[in-house]
Amino acid sequence: MAEGGALKVLGIAGSLRAGSYNRALLRAAQELAPAGMEITTFDLAPIPLYNGDVEAKGDPEPVAALKAAIRQADALLIVTPEYNFGVPGVLKNAIDWASRPPRGSALQGKPAAIMGATPGMGGTGRAQMQLRQAFVFTQTHPLLAPEVLVARAAEKFDASGKLTDEPTRKFVGQLLAALMQWAPRFGPAAS
Ligand SMILES: Cc1cc2nc3c(=O)[nH]c(=O)nc-3n(C[C@H](O)[C@H](O)[C@H](O)COP(=O)(O)O)c2cc1C
């Protein structure tokens with residue numbers, strides 16, 4: 001974080017759907033960001049499937065942009081759906097690209113907050129745990145608490161995708177407040 005400047009948070013949602021609850025949850029976080037925090041977003045749609053042969057010839061432009069955006073951020077806000085009790089391929093694929101090369105990757109040493117939404121009862125708890133496991137290898141520092149698991153999402157967003165459920169808005173605010181405290185422990189982003 002620049003001295004006296006805002007905490008720069010890069011928000012990444014692991015769904016490409018226009019009507020995605022997780023993209024909507026990320027928009028809510030932007031709206032609820034506390035004073036002193038700026039949340040920008042990175043759209044994963046242009047990221048190709050990871051291929052070591054492609055990587056050996058140089059990162060494709062969207063991958064280079066993703067890595068640069070992560071490096072320039074003081075912290076990450078990952079908003080994950082849950083697919084088959086795990087992290088959706090779209091998000092895992094982006095993490096795989098960003099984790100390369102493992103020594104000195106954009107993810108190494110980066111603080112991160114995690115949240116997620118599902119229409120069902122689980123609220124992405126299993127996907128979030130899987131993400132935390134991947135972050136052991138990448139040496140990314142996930143915020144430990146609070147956990148924000150948005151279950152029964154259809155009842156919590158209106159037709160325009162606005163998060164209307166007050167307790168959930170409060171949880172998101174608490175997560176962001178905790179990230180404000182957590183992120184500075186790990187030093188500033190690359191300038
Ligand atoms: C392939 C697939 C697998 C899914 N598996 C799960 C699951 O394990 N747990 C769950 O709660 N929801 C699961 N769902 C439902 C998703 O939570 C739901 O589609 C959600 O809306 C996806 O997030 P999004 O709204 O941000 O796109 C699955 C959906 C798909 C397409």
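In listed order, ligands and their atoms are each counted from 1.
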Inset, instruction - Classify the angle between the aromatic ring planes of W97 and Y50 as parallel (below 30°), tilted (30 to 60°) or perpendicular (above 60°). - result: perpendicular
Legend entry - Residues in contact with ligand 1, criterion: heavy atom under 4.0 Å: S15, R17, S20, Y21, N22, P81, E82, Y83, N84, F85, T118, P119
Inset, instruction - Evaluate side chain to side chain contact (heavy atoms under 4.5 Å, CB included) for T40 paired with L10, printing each intermediate quantity in order. - result: CA-CA 5 Å; T40 57; L10 181 69; 3.8 Å; yes
Legend entry - Salt-bridge criterion met for D53 and K57 (N-O under 4.0 Å): no
Inset, instruction - First locate atom CG of D74, then atom CE of M37, and finally report the distance between them rounded to the nearest 0.5 Å. - result: 9.5 Å
Inset, instruction - For L44 and A94, work out which heavy atoms get closest and say how close. - result: CD2-CB, 3.7 Å
Legend entry - Any donor-acceptor N/O pair, K110 side chain to R71 backbone, under 3.5 Å: yes
